[in-house]
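Both backbone and side-chain heavy atoms feed into the values below; hydrogens, waters and symmetry mates do not.
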Amino acid sequence: QVQLVESGGGLVQAGGSLRLSCAASGRSVSGYAMAWFRQAPGKEREFVAAISWSGNNTYYADSVKGRFTISRDNAKNTGYLKMNSLKPEDTAVYYCAGDTAYYGVGLRYRHWGQGTQLTVSS
């Protein structure tokens with residue numbers, strides 16, 4: 001029943017900022033953890049950030065720690081990934097994921113969005 005749709009990707013210059021959104025629908029939306037993953041061309045999909053259902057717990061990959069901020073607004077059924085100080089190596093397709101029973105860094109989330117492209121130019 002839960003559906004996730006990412007938006008907000010695009011082209012940005014190195015050093016710039018962008019915010020991705022993950023709109024969720026379904027009756028279990030308010031009760032699941034959410035996470036962001038990314039996959040660059042020729043690379044494996046990798047974990048970026050995760051947030052618990054309450055928003056009180058977050059976790060970041062070392063590569064984005066201090067630059068990215070994950071958040072959520074349960075009243076709006078939306079998760080966010082604010083990205084600052086973007087680098088060309090951040091270029092990837094970014095995916096939103098969610099699950100009512102899993103909160104972690106692995107690819108074990110039950111629900112996934114279609115992905116949104118971020119390109120960072122140098």
Side-chain angles (χ1 to χ4, degrees):
Q1 292 295 124
V2 176
Q3 296 182 353
L4 304 175
V5 179
E6 304 96 333
S7 63
L11 177 64
V12 63
Q13 290 184 329
S17 299
L18 204 65
R19 187 177 74 167
L20 305 181
S21 297
C22 176
S25 63
R27 296 181 179 179
S28 299
V29 169
S30 63
Y32 61 69
M34 301 182 73
W36 290 91
F37 294 78
R38 66 186 183 185
Q39 187 166 20
K43 303 288 187 178
E44 296 182 347
R45 189 170 299 187
E46 65 175 352
F47 170 80
V48 176
I51 186 168
S52 61
W53 74 268
S54 67
N56 292 331
N57 300 103
T58 59
Y59 189 76
Y60 298 91
D62 288 340
S63 59
V64 305
K65 192 175 300 181
R67 299 189 298 120
F68 290 12
T69 302
I70 187 170
S71 63
R72 65 189 299 162
D73 188 336
N74 288 344
K76 297 181 178 180
N77 297 319
T78 302
Y80 305 96
L81 183 67
K82 183 63 166 61
M83 305 176 291
N84 296 323
S85 302
L86 285 165
K87 307 174 181 179
E89 48 263 46
D90 294 319
T91 295
V93 176
Y94 283 72
Y95 297 90
C96 177
D99 202 306
T100 58
Y102 181 73
Y103 169 68
V105 303
L107 299 170
R108 308 304 181 193
Y109 293 86
R110 284 183 286 179
H111 304 105
W112 291 82
Q114 83 289 346
T116 185
Q117 176 72 48
L118 169 68
T119 302
V120 183
S121 62
S122 61

Tell me whether Glu89 at atom CD has more than 12 heavy atoms from other residues, nucleotides or ligands lying less than 6.0 Å away. yes
In one Ile/Leu/Val/Met/Phe/Trp/Tyr side-chain cluster, 4.5 Å: Ile70, Leu86: yes
Interatomic distance, CD@Gln117 vs CG@Leu11, rounded to 0.5 Å, equals 10.0 Å
Determine whether a donor-acceptor pair (N or O, by modelled atom type, separation under 3.5 Å) exists between the side chain of Gln39 and the backbone of Ala92. no
If we ignore hydrogens and angles and just use 3.5 Å, is the side chain of Asn74 paired with the main-chain N or O of Trp53 as donor and acceptor? yes
Between atom NE2 of His111 and atom CD of Gln3, what is the distance when rounded to the nearest 0.5 Å? 9.0 Å
Could you grab the distance from atom CG of Asn57 to atom CD1 of Ile51, nearest 0.5 Å is fine? 8.5 Å
One pair to check against side-chain contact (heavy atoms from CB on, under 4.5 Å): Glu46 and Arg38. What are the steps and the verdict? CA-CA 5 Å; Glu46 65 175 352; Arg38 66 186 183 185; 2.7 Å; yes
On a heavy-atom basis, the closest approach of Thr78 and Ala23 is OG1-CA, 4.3 Å
Rounded to the nearest 0.5 Å, what's the gap from OG on Ser52 to OH on Tyr32? Could you check? 13.5 Å
Establish whether Val105 and Val64 are linked, either directly or via other cluster members, by ILVMFWY side-chain heavy-atom contacts under 4.5 Å. no
Same cluster or not: Tyr59 versus Tyr95, using hydrophobic residues (I, L, V, M, F, W, Y) connected whenever any side-chain heavy atoms lie under 4.5 Å apart? yes
Has Lys43 got more than 12 heavy atoms of other residues, nucleotides or ligands less than 6.0 Å from its NZ? no
Could you go step by step and tell me if Lys65 and Asp62 meet the salt bridge (charged side-chain N to carboxylate O under 4.0 Å, His left out) rule? CA-CA 5 Å; Lys65 192 175 300 181; Asp62 288 340; 3.3 Å; yes
So does Ser121 get a backbone contact from the side chain of Gln13, meaning a donor-acceptor N/O pair under 3.5 Å? no
Taking the side chain as everything from C-beta on, heavy atoms only, tell me whether Tyr60 gets closer than 4.5 Å to Thr69. yes
Kindly give the heavy-atom pair with the smallest separation between Ala50 and Tyr109, and that separation in Å. CB-OH, 3.9 Å
More than 12 heavy atoms of other residues, nucleotides or ligands under 6.0 Å from NZ of Lys82: is that the case? yes
I need the minimum non-hydrogen distance between Pro88 and Ser122, along with the two atoms involved. CG-CB, 3.8 Å
For the atom pair OG1 (Thr116) and CH2 (Trp36), what is the distance rounded to the nearest 0.5 Å? 7.5 Å
Judged by atom type as modelled, is there a donor-acceptor pair below 3.5 Å linking the side chain of Glu6 to the main-chain atoms of Gln114? yes
So for atom CZ, which belongs to Arg45, do other residues, nucleotides or ligands contribute more than 12 heavy atoms lying within a distance under 6.0 Å? yes
Let me confirm one number: the CH2-SG distance from Trp112 to Cys22, rounded to the nearest 0.5 Å. 11.0 Å
Cluster question for you: counting only ILVMFWY and a side-chain heavy-atom cut-off of under 4.5 Å, with indirect links fine, are Leu81 and Val120 together? yes
Side-chain donor or acceptor of Tyr103 paired with backbone N/O of Ala35 under 3.5 Å: no
Ring geometry between Phe68 and Tyr94 (parallel below 30°, tilted from 30 to 60°, perpendicular above 60°): tilted
Side-chain heavy atoms under 4.5 angstrom apart, residues restricted to Ile, Leu, Val, Met, Phe, Trp, Tyr: same cluster for Met34 and Val48? yes
I'd like to know if the side chain of Asp99 reaches the main chain of Arg110, judged simply by a donor and an acceptor atom lying under 3.5 Å from each other, with no hydrogens or angles considered. yes
For Ser17 and Ser85, which heavy atoms make the closest approach, and how far apart are they? OG-N, 4.3 Å
Are Met83 and Leu118 packed together at the side-chain level, in the sense that at least one heavy-atom pair is separated by less than 4.5 angstrom? yes
Is it true that, when you exclude Tyr102 itself, more than 12 heavy atoms of the residues, nucleotides or ligands shown sit nearer than 6.0 Å to its OH? yes
